[in-house]
Amino acid sequence: MSAIPSDSAPARREAEGWIKLRRLLANWQGMTGLVLVLLFFASAIFAPLVATHDPFALDIPARLSGPTLEHWAGTDQLGRDTYSRVIYGGRVALQVAAIGISVSLVFGLLLGMLAGFGPRWLDNFLLLLFDVVRSFPTIVMALAAVALLGPSLNLVLAIVIVTTIPGYARLVRTATLALKNTEFILAERALGVGTARILWRHVTPNVIGPMFILAAMDVPVVVTVEAGLSFLGLGVLPPTASWGSILNEGYLLIRETPWPVVAAGVPLVLTTLGFTFLGEALRDIFDPRLGKGR
Amino acid sequence: MSTLKLDRRSFLATSGAIGTAGFFGLPLFAGEAMAQVKKLIVRVDSDINLLDPAYMVGGSEIEIQKAVLPALVEFDDADGSYGWRPSAYVEKFEQRDDTHFDFTLKSGFMWTGGNGELTAEDVKYSYERMKTGDWKGNFEQLDRVEVTDKYSGTLVLSQPFAPFVIIALASGTGGILSKAAMAKVEGEKYTTEIPATCGPYLFEWVPQQKFVFKANPDWTGPKPAFEEVECLIIQEGSAAELAFEAGEVMATKISAATHARYLETPPANSTVTVAGALQYMWLGMNTENEKLADIKVRQAIQHAVDAQQVIDGAYSGTTAKSNGIICPGLIGHRTATKYSYDPAKAQALLAEAGVSGLELELKTLNVQERVLAAQIIQAQLQAVGITVKVIPVDEGPFWEMGDQEKGDYKNLQLWLMRFGTNTDPYEATQWFTSDQVGVWNWERWKDEEFDRLYKEGQVESDEAKRAEIYLRMQEIMEDTGAYVWINHEPETFVHRADLKITVMPSGEMIWRDFKSA
């Protein structure tokens, strides 16, 4: 350890970090993505401050109004403020995305490394399992699950997690397989380091980067899955607002008023764009194979 | 409503149609050309499962049978009330006394497939067969059919039953089958292929797409106004409305919200017809569930729900407020409830029952209007301190929720239910007797007086006395505390102004009676 100058490595890493951050900020897509993502987080986290009304308060005489000073995005069929419902709907989206993605990341990482690093039979078994899960169409599986268990947000989360894990796990497995026979891992093994330590200290840092980029790009997928299920009435329970359920109500009312569809559609589009831009920019910056070609 | 005008909507619809026609390379005025061959194009909302009158589900299956099967009587809407008249197949159909109905068929009506002529034997076979099928409730009082000669016979009832003709014969269950053709069918039951038909049309079915009715060349009865009928199966209500506004279908059923919109801005050249409000919806409570076992809690809920607000919010104010299960226009229709919307009283009742922080589940079909209605009720109950979780349920599990054999009936607490009925009050009361507990009486109460009145109502022929019986029966239901009456949803149709439609009060279209004006 002492052979390496104590200050140079972290300093170099820090400098590299700054360069990458600056590259991200200089990239217009990355910048737009970052701003949209921050807006999404802020509006969801500070929803009670940002919303103008109680999202559940009925006002039937004022139903189906267009945008006014009082109701910025109009009201729905029960006279509830659409703008406030959309803001609170962001919380549902954030909750599903944050919990869903992080849980699947953890499980994906664990299972993927197990498959890649473990014995051959375990690898085969896990691969079979991943492929079986991946072969289910998400929405059809969700329909079946809801028919059995009834709609709820937890079920949506469970479905998101179960269907997302195989994607991460396969990515991690491939990366682990590639690392498995590299010299530094062989050297560790020769030194008698335990499997758990090899995985944690040496494999994880090498596979986690691409995982985060993939996760950023998966957020819009998860958000739209939640919105899709809620649109079909299989997600959140009324009166909880989700972008999907607002879209569905708006879709049924589209001939009366376009505002609910617009109000729920815009944040859905912006969030999707935001995370996609951010994910792509991150990939461009952090993936060394892409960087060299530019 | 029938004035021709060009507004934004019709302009859009027209340009949309022009665009679509251009895109598919269709002649632009295909609709006009169709009108000349006298073709009727309508929308139906569901495909068929079973066309056997004894085992069918209903809806479009009844509509098909009405178009191709003979019947002794038919539904009559001539004077705006729900009545019946002898059909085109009979010389006469007369009531001799309380329990005897004489009929004489016209000669010369031939069954398809070489199954001979329509005879009194077919009538006997068909109606006595109904007594063993799923719809036997309608034929409970029919004792037998006596055949006098080839074309004549008598329907004999076991006891006087005032609404027999309208319930059993003029409704969807009155179709007559060919005895000869049925003898060739295995088990004398069929599914989607009717063994022999005898009507103005021949039926073709394109599953999941459409029903096609072409003129029957052997038909000797009165010619219908339209030589051909095409029924497009469109399940989604808003898609059907678009199809109507674009001129693709000439008539369709519409939702309450659309009805409200059409009242304000009707589509050009169209008429809205309300067929009847023979549906009754209520908020049901399970009297055997531990949280609702105390009648004071149930009464509190009765006082906490404002049905008018539900109607305004979820049904755009287009439906009639309900006060019981007997629909408007029928004998025994109630005009008021004994309870009233009074949140303070509700809170007092809850306090009296010693209940606080009550949490309940409210289940509803996953249909827009009902989910909205459930949310309004949720807010109203929240106002008196009852927390309600709204659970939208899909059709399959919904209809089994209170079924003692299939559903989780013990944990069922609150639900929004809508039943349809026909034009006699007897029909609606049959689902709430003691032997219906766990079948359709999901509220799970029993009352001896109710059961006795149910029997009395069937045989009573004095209208005033019948009315009294049914009023009292609804009062008994209400006094259980297990019902909050919501509304009577009408069956509403929009159709071209140059089309006169005939719809049964229960919402089925009778295409052979459609006329072009």
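Computed from heavy atoms alone, side chains included, the values below leave out hydrogens, waters and symmetry copies. Proteins get letters first, then strands, A, B, ... in listed order; numbering begins at 1 in each.
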*Asks:* Under a 4.5 Å heavy-atom cut-off, does chain A meet the side chain of B/Val393, its backbone, both or neither?
*Replies:*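 Interface part for B/Val393: neither.
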*Asks:* Could you give me the CA-CA distance, side-chain angles and deciding distance for A/Phe275 and A/Leu36, then say whether side chain to side chain contact (heavy atoms under 4.5 Å, CB included) is met?
*Replies:* CA-CA 8 Å; A/Phe275 277 99; A/Leu36 288 174; over 6 Å; no
*Asks:* Does the side chain of B/Gln380 pick up a donor-acceptor pair with the side chain of B/Gln309 at under 3.5 Å?
*Replies:*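 Judged by distance alone, the side chains do pair up.
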*Asks:* Examine the side chains of B/Arg370 and B/Thr364 and answer whether a donor and an acceptor come within less than 3.5 Å of each other.
*Replies:*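 Checked: B/Arg370/B/Thr364 side chains show no N/O donor-acceptor pair below 3.5 Å.
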*Asks:* Chain B heavy atoms under 4.5 Å from A/Tyr251: which part of the residue, side chain, backbone, both or neither?
*Replies:*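 Side chain of A/Tyr251 only, per the 4.5 Å heavy-atom cut-off to chain B.
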*Asks:* What part of A/Leu232 gets closer than 4.5 Å to chain B, counting heavy atoms only: side chain, backbone, both or neither?
*Replies:*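 Backbone only.
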*Asks:* Hey, which of B/Glu489, B/His488, B/Glu491 is the one that makes side-chain hydrogen bond (donor to acceptor under 3.5 Å, both in side chains) with B/Gln279?
*Replies:*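 Among B/Glu489, B/His488, B/Glu491, the one meeting side-chain hydrogen bond (donor to acceptor under 3.5 Å, both in side chains) with B/Gln279 is B/Glu491.
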*Asks:* Tell me whether B/Asp45 contacts the main-chain N or O of B/Gly237 through its side chain, where contact means a donor paired with an acceptor under 3.5 Å.
*Replies:*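 Side chain of B/Asp45 to backbone of B/Gly237: no pair is present.
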*Asks:* Of all of B/Pro397, B/Ala374, B/Ser316, which one pairs up most often with chain A through heavy atoms under 4.5 Å apart?
*Replies:*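 Highest number of heavy-atom pairs under 4.5 Å: B/Ser316.
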*Asks:* Given that the side chain runs from C-beta out, which part of B/Lys363 has a heavy atom under 4.5 Å from chain A: side chain, backbone, both or neither?
*Replies:*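 Neither part, no heavy atoms under 4.5 Å.
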*Asks:* Check each atom of B/Asn366 against the heavy atoms of chain A and say whether the ones under 4.5 Å are side chain, backbone, both or neither.
*Replies:*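 Contact with chain A involves the side chain of B/Asn366 alone.
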